[in-house]
Engineer: 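Have a look at this one before I ask anything.
Below, read A as the first sequence line, B as the second, and so on, with proteins coming before strands; counting in each chain starts at 1. All values below were derived from every heavy atom in this structure, side-chain atoms included, with hydrogens, water molecules and symmetry-related copies excluded. Since this is a predicted model, take the numbers as computed values, not measurements.
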Amino acid sequence: MNSIVILNTLVIIAIIVSAILTVKFDNLLSSIIALAVTGSFVALEFILLHAPDVAIAEAAVGAVLSPVIFIITLKKVKEGKER
Amino acid sequence: MIVRIIIDLFLILGCFFAFAGAVGLLRMPDSFTRMQSSTNIATFGVLWTVLGVAVYAFSNQNFVFGIKTVMIGIFIVLTSAVAGHAILKGGYKHGIRPENLVVDEYRRDNPNE
Amino acid sequence: MIEFVYVGIFYVILALMLLYRVLKGPSVVDRAVAADSIDILTAIALIVFSIYSNRSIYLDIALVLAILGFLGTVLIARYLEGRL
Amino acid sequence: MILVNYIACIILIVLGFYVILTKKNILKIIIGMGLIDYGINLLIISIGFNPGGTAPIFTFTELKPESFFVDPVPQALTLTSIVIGACVTAMALSLVIKIKEKYGTLDADKVRRLNG
Amino acid sequence: MMKGKNRQVKDVIVKTAADFFTPIALVLGFYIILHGHLSPGGGFQGGVLVASAVVLIYLGYGYNEVSKKFNMEIIKKNEALGAILFTVFGLAGIIYGSVFFANVFTNIGDVGDLISAGTIMFMNNSVGYKVLTGVGFLILLMIGLLAPDNDN
Amino acid sequence: MQHFPILSIVTLFLGAFLTVIFGSKNETVRKFIALVASSISLILVLMLIKPVMIKNNVIQYWLGNWRPIHDWAIGIGLEVDALGLFFGIIAVLTIFLSIIFSFKYTKKDSETDKYYVLFLMLSGAVLGLVFTGDLFNMFVMIEIMTFAAVGLTAFRNYQEGALEAAFKYLVLGSIGSSMVLAGTITIYSQVHTLNMAQISALLFNNLTPSALFAFALLLAGFSLKAFVVPFHPAAPDAYMSAPSSVSMAFSGMVNKAGVYAIIRLVYVLFHAMDFKSVQILLIIIGTITMFIGVTMALAQNDFKRLLAFHSISQIGYVITAVGVSTALGLTAGLYHALNHTLFKGLLFLTAGAIFYATGTTDLNKLGGLARKMPQTAAIFLIGAFSISGLPPFNGFVSKWLVYQATFQANLAPVTIIALLVSVMTLASFIKVAQSIFFGQMPKEFENVKEVPLSMRIPMWIMAILCVITGVLPNIVTKYLVSPAVTAALNIGKYIDLMMGNGYSEKILGKPIEIPAVDFTLAGYWDPIAWLVLFALLLIAVTIVAVAGGFNAVSLPTEVDDPKYDVFFSGEASEHSHVKGNDLFWGLKHDLRHYFGFMHDAHSGIINDYALWAIFTTTIFIVYIFLLVP
């Protein structure tokens with residue numbers, strides 16, 4: 001049980017750090033990448049909390065669908081300074 | 001018992017290669033070498049870990065588990081290669097050049113890009 | 001099977017280390033590569049956790065991450081190439 | 001274990017609100033809305049968690065007689081919430097594209113023709 | 001146009017990967033839709049996965065191929081068809097003497113089979129159909145916005 | 001009978017989907033589908049009046065036949081009591097008339113298939129919201145409603161600001177939905193059920209800190225959906241840029257859905273009206289809402305934006321009256337909600353007719369249209385008299401009830417503010433009438449014709465309803481309002497019918513007593529009291545005049561503008577038309593600091609609006625934690 005608590009805490013720390021990165025980046029493309037990373041960590045956390053249904057939805061939406069539409073939008077509005 | 005030792009060996013190997021890949025990704029000097037190091041995670045780290053898990057599953061007669069795990073390993077190896085190729089090419093065309101470059105063969109072969 | 005959890009913890013620590021590269025990475029390429037590696041590490045941690053809790057249904061999520069996780073990276077590459 | 005989750009949810013929600021309040025790029029504001037979604041979904045799932053439980057899906061093998069399920073209702077709620085969040089994100093992004101075409105900018109300070 | 005054709009030949013690795021992974025993504029998505037009442041996942045998740053196969057095809061072949069393959073108007077109508085099917089399966093509960101969303105046809109199949117669980121399975125599949133067409137429509141729309149940029 | 005509520009919801013959604021399939025090419029088909037769906041839904045809901053309103057039943061319906069097991073609700077239930085049905089009737093009426101109006105009104109738009117799809121989804125979501133008995137289902141319906149409303153706001157995206165308004169609405173609405181969801185799940189974490197009847201039973205005398213937190217979050221979220229004041233700034237933008245038929249639906253249904261949710265929350269779910277502090281909170285919010293709404297409306301120059309601010313102001317009346325928490329106050333609030341739907345829908349339709357005929361709603365460009373559009377002018381006057389509370393029309397009845405309720409509850413300052421707001425409403429509608437229908441007609445409107453018959457029919461229906469509800473208040477009160485009031489106060493019955501007989505007694509201990517509903521519609525006439533009231537009113541006006549005026553800024557008399565010249569007969573009459581801007585300039589000049597401040601506060605920047613919403617939510621949380629228990 002104890003090791004699961006450690007694993008959970010680590011994943012939570014990863015979620016928080018990547019969320020802070022999402023907020024911190026001024027470059028939109030980097031921000032989107034950090035958002036996708038947050039999404040995959042959140043999916044992992046859902047599995048640790050035994051919610052596989054939600055985790056699949058989160059992995060499909062947060063790590064696949066939403067980066068795709070965000071990047072297409074970013075390309076369309078062309079404001080990302082890519083470096 | 002011998003199975004346990006094999007599994008542990010596989011897992012330790014996987015951990016080692018993944019660790020090496022991560023350290024490389026952190027410590028390498030420029031984007032291209034970092035990219036090379038990240039493939040370490042995707043190939044050797046994944047492969048050994050997946051093998052270990054699969055051996056455990058098969059030894060416990062849990063065939064669904066083993067087959068799914070092996071499939072995941074194969075897919076990760078294939079997709080990460082594709083992703084690495086694409087991101088390298090994208091980065092190069094975007095204007096990121098390796099440091100200490102001696103011969104730029106891509107530029108030599110595709111002079112007008 | 002308690003040792004599988006330790007493997008998972010190790011991989012999550014590696015992912016945390018890679019977040020430093022996401023933070024630092026001088027160019028978007030570095031960030032994308034690090035994010036791709038984090039996806040892979042997440043998938044492995046998922047495998048390990050699912051065999052720890054002995055539910056094979058958890059592997060579907062890892063399957064999704066493994067098959068479709070590279071889409072975002074390739075799309076970012078196309079974006080950088082300027083021919084999306 | 002759960003306390004850490006609650007703290008993380010609050011941090012995620014606060015970060016999302018921080019983005020909405022301070023960032024002037026409307027695309028960034030949508031990213032902030034995504035962060036709020038993550039925080040609330042995590043909150044719901046954490047409320048439904050039951051230490052020692054397993055996923056509320058019945059399979060014939062792999063389930064021991066003494067194992068029990070975590071609360072399935074919050075998972076259903078979160079699923080709905082994720083679907084709605086995805087729809088809202090897609091809608092907002094299409095609006096952003098149209099706003100960019102019409103206004104020529106993404107700055108929230110300049111997208112203010114309706115005021116007073 | 002010539003330039004675009006030239007490009008397609010060059011990026012052979014991504015194209016091969018798209019060739020290889022599109023069927024796998026489709027199979028995975030349909031597996032998740034069809035086993036929605038047995039394993040994690042269901043209509044929405046599988047639908048999103050199937051729809052992201054569109055992105056794969058786009059990455060491999062470019063917009064022209066995608067726009068040749070798919071007809072937006074028909075996809076839109078199919079999405080509404082999925083929604084109508086869902087509602088009709090809900091109404092079947094009323095028609096067979098019970099209340100809305102009631103689970104009728106429960107005598108089909110055994111517990112744990114692919115075809116079992118009565119109306120729930122049908123509703124799950126129609127949701128999957130709706131989502132895969134709906135999200136596919138969304139992605140096609142988004143890609144279509146990029147099409148003018150793609151030419152120059 | 002039992003299936004009517006779900007069928008009325010499903011019909012609308014089914015109509016939306018069928019429109020996509022069959023109506024994407026053919027205009028007639030989609031109009032036919034929309035008309036059929038809305039009229040079926042109208043008939044189904046109206047047939048519920050007899051059992052629910054008159055015989056005082058409550059229809060309960062468990063989706064999928066998941067009834068409560070061991071006194072524990074596990075399924076999603078629909079529960080139609082008189083309160084829900086009251087708002088349901090308002091909603092279906094609005095839907096039906098709005099769809100008839102939009103047949104001709106959207107003639108110039110392309111892609112009207114999307115219009116009908118989104119509109120039918122919006123109306124289905126509102127019906128689902130008022131009929132449901134499940135807290136999470138309420139959230140889902142609110143979210144669908146917001147989504148469809150955003151789509152409809154952006155429908156005329158060639159117009160100035162439609163996209164911007166839609167974006168602001170979307171961001172604010174998503175903040176509100178997050179608050180509602182967080183509140184819902186906080187309640188769930190305490191009582192582990194989502195059925196509203198069971199929550200109501202389990203939260204009785206059991207307000208733990210988490211329940212209080214949930215109450216504050218839900219109140220803030222629903223207030224955002226009802227657009228009360230600190231949350232309002234998305235509303236005028238959205239109402240202004242949406243098509244008029246949709247603006248009517250917004251003020252008729254979407255606002256009312258928020259009001260319904262607030263009533264359900266404070267009366268049924270939390271029994272919160274027993275607390276004096278919650279009453280005071282609602283009354284303060286409502287008073288601020290009606291005052292700021294009307295003063296902002298005075299300063300507007302666009303007809304629809306002015307109407308939108310009036311809509312906010314009238315919602316303030318409703319919230320104030322609901323907050324008084326006596327039976328009379330609730331009656332006043334519900335009656336005013338009904339009337340608001342009627343006259344505000346009427347006014348929005350008038351705005352739509354003017355836009356259809358002339359292509360603009362800017363008050364400074366219009367004028368003298370009464371000669372060209374006599375019927376529209378007559379209808380507009382009926383609506384304007386109703387909203388300003390002139391005696392034969394319905395606004396008088398409900399406003400009188402509001403004054404009476406607040407005055408009986410020893411809240412004379414609120415009564416004074418309500419009177420003042422009513423006066424300002426009349427003033428601003430004089431401005432509208434002057435600048436649109438009377439005065440000089442600009443030359444470019446020589447060829448304006450009356451709008452077609454299918455647009456006049458819903459306007460006339462609403463006008464007649466306005467007169468009927470104004471002339472026959474006793475009948476309306478007896479058959480529509482007072483059953484709803486009784487249902488809102490009779491919580492024990494609500495719980496019993498959902499969870500099985502005896503459940504509420506087991507949990508609540510004793511049957512909750514229904515307070516006697518005391519209607520004295522003839523009016524409360526106590527001469528001394530009214531004398532004091534008028535004296536206070538005079539003093540208030542004096543204070544306002546003193547506070548704003550008496551400073552020595554010279555008035556712009558020496559400006560060389562011909563419109564300030566003395567007017568003699570026989571001159572060219574170009575400058576004799578008094579524009580909308582020019583009316584009440586004295587008041588605006590005297591109160592210029594206030595108006596300037598409010599104008600700057602409505603800055604149009606989304607970050608500011610989000611800041612208002614979040615800040616007010618924080619205040620709610622702090623207030624409720626400090627004062628409620």
Side-chain angles (χ1 to χ4, degrees), chain A residues 1-2 4-29 31-32 34-36 38-39 41-43 45-62 65-66 69-80, chain D residues 1-2 4-5 7-9 11-12 15-16 18-19 22-23 25-28 30-32 34-35 37-39 41-42 44-46 48-57 69-72 74-79 81-83 85-86 89-90 92-94 96-97 99-101 105-107:
Chain A
M1 209 57 201
N2 207 7
I4 288 292
V5 174
I6 296 171
L7 183 56
N8 184 57
T9 314
L10 283 174
V11 176
I12 287 290
I13 291 171
I15 288 173
I16 293 174
V17 170
S18 49
I20 290 174
L21 290 186
T22 313
V23 176
K24 181 189 160 293
F25 287 142
D26 287 333
N27 180 357
L28 283 170
L29 187 56
S31 197
I32 291 166
L35 189 72
T38 317
F41 276 127
V42 170
E45 174 64 28
F46 284 156
I47 278 293
L48 295 187
L49 298 176
H50 295 282
D53 261 318
V54 185
I56 281 194
E58 186 60 55
V61 170
L65 180 64
S66 94
I69 56 178
F70 265 113
I71 289 171
I72 292 177
T73 310
L74 187 63
K75 170 70 185 175
K76 187 66 188 167
V77 300
K78 275 185 187 151
E79 281 230 341
Chain D
M1 173 166 186
I2 288 298
V4 185
N5 287 19
I7 293 169
C9 302
I11 289 176
L12 278 179
L15 280 178
Y18 171 78
V19 170
T22 58
K23 302 288 178 182
N25 193 322
I26 55 178
L27 203 53
K28 190 89 181 188
I30 297 171
I31 293 176
L35 280 182
D37 272 352
Y38 285 161
N41 295 338
L42 202 52
I44 303 175
I45 292 290
S46 304
F49 181 64
N50 208 344
T54 183
I57 292 171
F69 288 162
V70 296
D71 193 354
Q75 302 194 3
L77 307 191
T78 315
L79 215 47
S81 168
I82 287 176
V83 174
T89 306
L93 288 179
S94 59
V96 165
I97 290 176
I99 284 178
K100 172 72 181 181
E101 277 175 5
T105 177
L106 289 183
D107 195 349

Engineer: For D:Y18, look at atom OH and say whether over 12 heavy atoms of other residues, nucleotides or ligands are found less than 6.0 Å away.
Structural biologist: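 No, the 6.0 Å shell around OH holds no more than 12 heavy atoms from other groups.
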Engineer: Could you measure the distance from the CD1 atom of A:I72 to the OG atom of D:S94? Nearest 0.5 Å is fine.
Structural biologist: 12.5 Å
Engineer: When you compare the side chain of A:V23 with that of D:L35, does any pair of heavy atoms fall below 4.5 Å?
Structural biologist: yes
Engineer: Identify which of D:I99, D:I82, D:I7 forms the greatest number of heavy-atom pairs closer than 4.5 Å to chain A.
Structural biologist: D:I82
Engineer: Against chain D, label A:I20 side chain, backbone, both or neither, depending on which of its atoms sit under 4.5 Å from a heavy atom there.
Structural biologist: both
Engineer: Does one side chain, of A:D26 or D:N25, offer a donor that lies under 3.5 Å from an acceptor on the other?
Structural biologist: no
Engineer: To the nearest 0.5 Å, what is the distance between OG1 (A:T38) and CG (D:L12)?
Structural biologist: 8.0 Å
Engineer: Can you list everything that forms a side chain to side chain donor-acceptor pair (under 3.5 Å) with D:N41? Sequence neighbours excluded, please.
Structural biologist: D:S81
Engineer: Name the residue from A:V77, A:L74, A:I69 that meets the side chain to side chain contact (heavy atoms under 4.5 Å, CB included) definition with D:L93.
Structural biologist: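 Of all the options given, the one that passes is A:I69.
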Engineer: Which heavy atom of A:L48 sits nearest a heavy atom of D:F49, and at what distance?
Structural biologist: O-CE1, 4.2 Å
Engineer: Return the NZ to CG distance between A:K24 and D:L15, rounded to the nearest 0.5 Å.
Structural biologist: 13.5 Å
Engineer: Do you know the tightest heavy-atom contact between A:L35 and D:Y38?
Structural biologist: O-OH, 3.7 Å
Engineer: With chain A as the partner, which of D:V83, D:V96, D:I97 has the greatest number of non-hydrogen pairs under 4.5 Å?
Structural biologist: D:I97
Engineer: What part of D:S46 is in contact with chain A, defined as an atom under 4.5 angstrom from a non-hydrogen atom: side chain, backbone, both or neither?
Structural biologist: both
Engineer: Is A:V61 in contact with chain D via its backbone, its side chain, both, or neither, using a 4.5 Å heavy-atom distance?
Structural biologist: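 A:V61 touches chain D through side-chain heavy atoms alone.
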Engineer: Answer whether the closest heavy-atom distance between the side chains of A:L49 and D:V70 falls below 4.5 Å.
Structural biologist: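 No, side chains not in contact.
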Engineer: Measuring only between side-chain heavy atoms, which start at C-beta, is A:N8 closer than 4.5 Å to D:N5?
Structural biologist: yes
Engineer: In Å, rounded to the nearest 0.5 Å, how long is the span from CD1 of D:I31 to CD1 of A:I32?
Structural biologist: 5.0 Å
Engineer: Can you say whether D:L42 sits under 4.5 Å from chain A via the side chain, the backbone, both, or neither, judging by heavy atoms?
Structural biologist: both
Engineer: Using only atom types and a distance under 3.5 Å, with no angle test, would you say the side chain of D:K28 pairs donor to acceptor with the backbone of A:F25?
Structural biologist: yes
Engineer: Any donor-acceptor pair under 3.5 Å linking the side chain of D:Q75 with the backbone of A:P52?
Structural biologist: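 No, the answer is negative, given that no donor and acceptor are paired below the 3.5 Å cut-off.
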